[in-house]
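A quick write-up on the structure given underneath.
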Number of protein chains: 2
Amino acid sequence: MGTTLKDLAGHLGISAAAVSMALNGKPGVSEQTREEVRRAAEELGYRPNRTGQALRLSRTNTIGVYFPSTVMEYSLYFAEIMRGIVAGFADTELSPLLLPSAGETGLVRDFPEVDGFVVVEPHSDDLGMFELLRSGRPTVCIDPPPASAEAPWGVVEADAPAATRDSLRHLVARGAARPGLLTIESVSEWSRTIEASYRDWCVEHGVDPAIIAITARQSNEEILELLERELGAPVPCDGLFVAGDAVAPRIAGLLRTIGRSPDGGFPLVSGVDSTMMEFHTPPISAIDLNPYGYGVHAARMMAVLLHESGRPAEPRIERLPAPLVVRGT
Amino acid sequence: MGTTLKDLAGHLGISAAAVSMALNGKPGVSEQTREEVRRAAEELGYRPNRTGQALRLSRTNTIGVYFPSTVMEYSLYFAEIMRGIVAGFADTELSPLLLPSAGETGLVRDFPEVDGFVVVEPHSDDLGMFELLRSGRPTVCIDPPPASAEAPWGVVEADAPAATRDSLRHLVARGAARPGLLTIESVSEWSRTIEASYRDWCVEHGVDPAIIAITARQSNEEILELLERELGAPVPCDGLFVAGDAVAPRIAGLLRTIGRSPDGGFPLVSGVDSTMMEFHTPPISAIDLNPYGYGVHAARMMAVLLHESGRPAEPRIERLPAPLVVRGT
DNA sequence: CCGGCGAACTTAATCGTTTAAGGAATGATG
DNA sequence: CATCATTCCTTAAACGATTAAGTTCGCCGG
């Protein structure tokens with residue numbers, strides 16, 4: 001196929017070893033030879049064969065990227081993380097390889113040798129994630145894994161408690177006396193943290209918690225019923241923190257049918273921002289989780305961890321800010 | 001690291017070559033030995049080293065997956081394609097490797113050896129795509145590439161003309177006399193085909209075309225102005241085929257501010273379906289492009305092409321149906 | 001004049017796998 | 001019994017890179 005080290009050596013009349021040392025900046029060749037080798041490599045378009053390198057160095061420069069099987073289908077958020085991961089690795093030697101997520105069996109199927117894993121939103125019901133963490137390979141998680149899993153090498157996470165407090169403060173500022181929480185999944189640490197923070201806030205502010213738990217595949221009718229129940233309570237819920245991706249517009253549409261609107265006395269905050277919130281009519285305030293940034297940071301952290309000597313004593317934790325983007329009047 | 005062929009051979013007291021032949025079903029070993037080897041492999045947890053195989057067979061079983069740099073950020077559609085690709089390769093020996101997309105420079109950065117490429121929505125303004133097609137490696141495109149690019153080995157595409165006709169027929173059935181077309185990008189063959197089909201339909205039905213071209217980053221105010229212009233024409237546009245991902249709800253919101261609604265005399269069809277259309281209030285009819293299916297079919301086609309002897313004389317084309325999902329009253 | 005030393009290479013081993021070529025044992029055939 | 005094919009295995013050579021361990025050669029110091 002392409003030019004090999006041996007081709008290059010033959011062309012120059014020296015040994016392959018010398019060429020290797022020359023190109024890798026190792027001592028053992030004269031500066032003159034090094035320069036000649038560099039020129040010849042350029043001229044013949046030499047690209048080191050990654051497979052040969054991988055075999056020799058037992059290092060593939062490939063990182064497995066694992067997404068939970070369940071959620072990805074509803075989510076624009078994951079596409080953003082993906083973009084971020086690709087961008088983050090683009091600056092490094094590493095390449096992301098997409099792993100098939102494990103269904104109920106919990107077995108991650110066979111895949112090529114990789115140097116580490118990036119696990120996106122480890123969900124407690126995803127057995128494949130446990131398996132990857134158990135492998136002992138360098139692993140960076142985007143959002144913390146459940147406590148029952150092996151500790152990862154690193155974690156990139158959002159400041160969810162602060163985001164929850166900011167959101168509730170905003171809802172109160174917009175006139176809500178009993179802001180509720182609408183959650184969509186409870187298998188992620190992120191949603192567990194938000195729920196805990198919400199309850200803390202309620203205790204602090206003497207508010208009776210109003211938690212509406214739905215699933216992504218529930219029908220509009222069912223959800224509307226749950227909403228009406230909380231809105232018709234003795235002390236009615238009068239604002240919502242919607243902690244799921246792409247759910248807030250759906251809720252806004254349902255509320256409209258019963259005469260409530262984000263700009264008409266029923267404030268709404270989405271826990272996950274996206275262009276959908278920005279371009280909704282009226283625009284919806286949201287927490288900017290910066291999923292793209294998650295991807296970039298996770299990729300970079302992985303590159304750093306692989307360059308270091310070994311596993312850090314404690315998991316490296318990077319907490320990214322998650323500011324509230326206020327929209328509308 | 002793991003158990004190697006040599007370990008296994010040593011354990012059994014035979015040569016590594018015999019073990020290899022036994023496990024790969026090649027002739028040259030007795031059935032008894034073969035069975036013994038299989039048992040030992042199972043017992044010692046032997047997994048062939050992919051890097052070693054790759055080097056020997058000059059075949060990595062890895063496929064580069066390329067997404068255009070521009071669009072991915074607005075799109076739920078791409079996340080679905082990604083899922084499909086992962087699922088499609090899960091049945092095969094192959095693994096998808098995410099390639100960093102080329103920006104303006106047109107250079108796809110360095111990445112490990114791959115056996116072929118899956119290029120998602122080749123956009124005519126994406127130079128990286130041209131480069132990959134020029135490489136001569138097996139390439140399957142999801143949606144056809146522009147005519148100016150090298151021909152790919154295979155293409156998976158939607159029946160866009162039929163989808164356009166179905167959508168327009170539906171709009172007319174819902175009362176539109178002059179259905180318009182709202183397009184969001186013109187760099188993909190898909191949107192070019194839709195626009196051409198729309199114009200054909202207009203000629204056949206004696207309708208004056210109403211085409212509204214927007215970009216994804218345009219403000220709501222700008223878009224509203226464009227809409228109002230067409231709605232205020234002498235023969236007003238009175239229905240819309242919205243040919244972009246996740247745009248229809250945005251348009252529906254804007255139309256609502258000027259008293260038009262999908263269930264109130266201004267029918268809407270989205271050219272790209274998603275849960276957003278399903279759960280919108282009111283639900284929005286849409287073309288089910290089945291992006292997940294695209295991914296699966298592209299992956300399978302790649303596996304088939306690699307198993308065949310060489311490049312097919314003509315690009316293999318697989319056209320998937322894109323049915324209209326009718327929603328609402 | 002010779003031992004020793006550093007510079008600049010080359011040789012050879014290695015990573016884990018596959019496969020062509022070679023060889024020993026067995027059985028059949030003339 | 002010699003010949004030959006067949007079966008079942010071993011040996012050895014790749015694939016493309018890196019690197020430890022030689023091998024020259026010139027040069028300096030004693």
So which one's nearest nucleotide on DNA chain D is more toward 5', A/Thr4 or B/Ser15? B/Ser15
Under a 4.0 Å N-O cut-off, is there an ion pair linking A/Glu131 with A/Arg134? no
Show the numbers, then the answer: is there a salt bridge (Lys or Arg N to Asp or Glu O under 4.0 Å) between A/Arg34 and A/Glu31? CA-CA 5 Å; A/Arg34 200 185 292 278; A/Glu31 265 320 306; 3.2 Å; yes
Identify which nucleotide among D/dA17, C/dC15, D/dT10 has an atom closest to any side-chain atom of B/Ile14, counting heavy atoms from C-beta outward. D/dT10
Tell me which nucleotide among C/dG16, D/dC9, D/dG16 gets nearest to the side chain of B/Met21. D/dC9
Once you round it to whole Å, what is the distance between C1' of D/dT10 and NZ of B/Lys6? 14 Å
Whole Å only: how far is the CD atom of A/Gln53 from the C1' atom of D/dC15? 14 Å
Is it true that, when you exclude A/Glu36 itself, more than 12 heavy atoms of the residues, nucleotides or ligands shown sit nearer than 6.0 Å to its CD? yes
Is it true that a side-chain atom of A/Asp115 and a backbone atom of A/Asn61 form a donor plus acceptor pair closer than 3.5 Å? yes
State which residue, out of B/Thr139, B/Leu99, B/Val118, B/Leu98, fulfils the side chain to side chain contact (heavy atoms under 4.5 Å, CB included) condition with B/Tyr66. B/Leu99
Touch class at under 4.0 angstrom, heavy-atom based, for B/Leu57 against every strand present: sugar-phosphate
Of C/dT10, D/dT10, D/dA17, the nucleotide closest to the side chain of A/Ala18 is C/dT10
Return yes if some donor-acceptor pair links the side-chain N/O of A/Asn49 with the main-chain N/O of A/Thr51 below 3.5 Å, else return no. yes
Atom-to-atom span, CZ of A/Arg50 to P of C/dG16 - whole angstrom: 20 Å
Round to the nearest Å and state the distance from B/Leu8 atom CG to C/dT17 atom C1'. 13 Å
With respect to the phosphate group of C/dT17, does any side-chain polar atom (N or O) of B/Tyr46 fall under 4.0 Å of OP1 or OP2? yes
Does A/Arg316 have any salt bridge (charged side-chain N to carboxylate O under 4.0 Å, His left out) partners at least two apart in sequence or in another chain, and if so, which? A/Glu308
Once you round it to whole Å, what is the distance between P of C/dC15 and CG of B/Asp7? 10 Å
Can you identify which nucleotide, out of C/dT19, C/dT10, D/dA17, has its nearest atom closest to the B/Ala17 side chain? C/dT19
Nearest whole Å is fine: how far is D/dA14 P from B/Leu5 CG? 19 Å
Can you tell me the distance, in whole Å, between the CG atom of A/Leu55 and the P atom of D/dA17? 12 Å
Describe the nucleic acid contact of B/Ser20 in one word from base, sugar-phosphate, nothing, applying a heavy-atom distance below 4.0 Å. base
Identify, residue by residue, the members of residues 23-45 of chain B with a heavy atom below 4.0 Å from DNA chain D, and return them in order of residue number, or none. B/Gly28, B/Val29, B/Ser30, B/Thr33
